[in-house]
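Down below is the structure, laid out as structure tokens.
Everything numeric here is computed off the predicted structure, so don't read it as measured data. Heads up: numbering here begins at 1 and tracks the sequence.
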Amino acid sequence: MARILVLGAGFAGLWAALGAARKRDEIGARAADTEILVVDRNAYHNIRVRNYEVDLGDIALPLKDLLDPVGVSHRVAEVAAIDTATRAVTVKTRAGTEVLSYNRLVLTTGSELVRPAISGLAAHGFDVDTYEAAMRLDAHLAALGKEPPSEARATVAVVGAGFTGIEVAAEMPAKLAHAGITGDHRVILIDPNPVVGATFGAHGRPVINEALATLGVETRLNVRVSAIGADSITLNSDEIIPTKTVVWCAGMRASPLATSLPARRDALGRIKVDHTMRVEGLPDVFAAGDVAACLIDGEHPTVMSCQFARPMGRFAGHNVVADLFGEKLLPLNIDWYVTVLDLGAWGALYTTGWDREVHTSGAAAKLTKQTINRQRIYPPRNGDRAALLAAAAPTIQTAPPTRK
């Protein structure tokens with residue numbers, strides 16, 4: 001029996017598994033006994049892009065509800081090593097170490113937060129990189145809500161003024177209120193660049209600045225963090241800010257497992273793949289999502305976002321089965337790019353194209369963002385096999401519509 005091993009159950013991994021199941025079903029009897037096995041450190045699929053939100057109640061979806069109906073196996077384990085020469089993956093579980101063989105491999109272990117060696121970051125920093133981390137931050141804020149008022153209690157420092165940091169900072173006033181930290185508060189966004197949202201360009205930046213100002217978010221730019229304590233953060237400008245909550249959002253890199261493969265990688269550590277999601281130089285290995293990089297339109301590399309991870313996963317899943325059974329592989333080409341940035345109670349910013357022209361902003365863009373976060377990126381939830389397989393078709397969604 002052949003085995004397709006999918007490592008990771010994030011946006012790319014989930015859809016790779018479902019895409020593979022769909023293609024297996026399409027091929028029929030020849031592929032019926034092919035095992036599709038997903039390995040992830042968690043038993044759930046995290047709607048990761050919602051980890052910054054106030055309500056975390058519906059962002060961890062049990063894998064059994066999504067994979068069992070389509071006959072995909074799944075296992076909770078930590079991937080320790082990948083040996084492409086012997087087609088073997090070493091995993092660690094509570095029961096010990098195990099070696100899993102494969103006929104085809106799909107690497108979808110995603111990305112992770114960059115955590116530099118800054119004094120106090122590991123001990124006192126928070127983040128929203130994972131569901132567990134987001135829950136830890138919420139529990140911390142809830143505990144602060146029960147403490148006596150103080151400046152440090154009511155101040156949050158968000159480090160990193162990129163996409164995630166802006167969303168965290170914009171949502172933080174609502175998160176503080178939800179935690180019972182009412183009245184005067186401070187949210188401070190810290191970044192070494194001279195502007196907030198350096199990658200957003202000139203078009204969207206004025207909108208972001210207006211939203212943050214309206215929300216009362218302060219900024220500290222052209223500075224770096226020197227140290228983080230239990231009740232303060234120190235900047236290299238010598239400013240010491242009293243705070244019990246530092247949320248680290250400063251940079252992402254591909255999963256370290258990418259270094260296990262003898263393949264070319266980019267500056268973010270992502271493995272180079274072709275348009276079928278096959279890893280260059282490794283015919284039995286495919287990769288998708290944040291751990292992979294493809295010149296998606298022949299010019300621009302894919303971005304670490306679910307906008308690219310989901311279709312990359314679908315095509316990787318389809319192609320890995322097609323390759324195993326000698327069928328034609330489908331190339332992925334995406335000819336549109338948008339960003340929809342949540343700006344908390346102010347609204348959102350919807351930009352189009354690689355130069356990020358402003359499409360809509362404020363309340364209209366917020367409706368689009370909510371549609372994306374709460375509907376568009378979710379798999380079917382009713383356990384219906386046909387619906388799950390249909391949703392995994394190797395097709396490209398159209399850009400999200402403007403909502404009014």
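Contact check for Leu56 versus Asp138: side-chain heavy atoms found under the 4.5 Å cut-off. Between Ile190 and Ile233, some side-chain heavy-atom pair lies under the 4.5 Å cut-off. The side-chain heavy atoms of Asn42 and Glu132, taken from C-beta on, include a pair separated by under 4.5 Å. When side chains are defined from C-beta on, Lys369 counts as touching Glu167, because their heavy atoms get closer than 4.5 Å.
The distance from the CG atom of Leu324 to the CZ atom of Arg30 is 9.5 Å, given to the nearest 0.5 Å. Taking CD from Glu53 and NE2 from His178, the interatomic distance works out to 12.0 Å, rounded to the nearest 0.5 Å. How far OG of Ser119 is from NE2 of His124: 7.5 Å, rounded to the nearest 0.5 Å. Note that the CZ atom of Arg104 and the CD1 atom of Ile4 stand 8.0 Å from one another [nearest 0.5 Å].
Residues Leu295 and Pro301 approach most closely at CD2-N, 3.7 Å, considering heavy atoms. Taking both residues in full, the closest heavy atoms of Met312 and Ala292 are given as CE-CB, 3.9 Å, listed atom of the first, atom of the second, then distance. Closest approach of Tyr102 to Asp83, counting heavy atoms only: OH-O, 3.9 Å. The two residues Thr155 and Thr243 come nearest to each other via the heavy atoms O-OG1, 2.6 Å. Leu341 approaches Ile166 most closely through the heavy-atom pair CD2-CG2, 3.8 Å. In terms of heavy atoms, Asp25 sits closest to Leu389 at OD2-CD1, 4.0 Å.
Side chain of Arg314 to main chain of Ala391: a donor-acceptor pair is present (N/O by atom type, distance under 3.5 Å, no hydrogens or angles). Checking side-chain atoms of Arg265 against main-chain N and O of Ala258 turns up a donor-acceptor pair under 3.5 Å. Side-chain N or O atoms of Arg48 include one that pairs as donor or acceptor with a backbone N or O of Asp129 at under 3.5 Å.
Residue Arg41 qualifies as open at atom CZ: its count of foreign heavy atoms under 6.0 Å is 12 or below. The number of heavy atoms from other shown groups lying within 6.0 Å of CG (Asp184) does not exceed 12.
Using a cut-off of 4.0 Å between Lys/Arg side-chain N and Asp/Glu carboxylate O, Lys64 and Asp68 are scored as not salt-bridged.
Ring pair Phe126/His140: centre-to-centre distance below 6.0 Å. Checked against the 6.0 Å centroid criterion, the rings of Tyr337 and Phe308 qualify as a close aromatic pair.
Side-chain contact check for Asp384 and Asn382: no donor-acceptor pair (N or O, by modelled atom type) lies under 3.5 Å.
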Pair Glu78-Lys92, salt bridge (charged side-chain N to carboxylate O under 4.0 Å, His left out): steps then yes or no: CA-CA 5 Å; Glu78 192 79 34; Lys92 294 182 179 179; over 6 Å; no
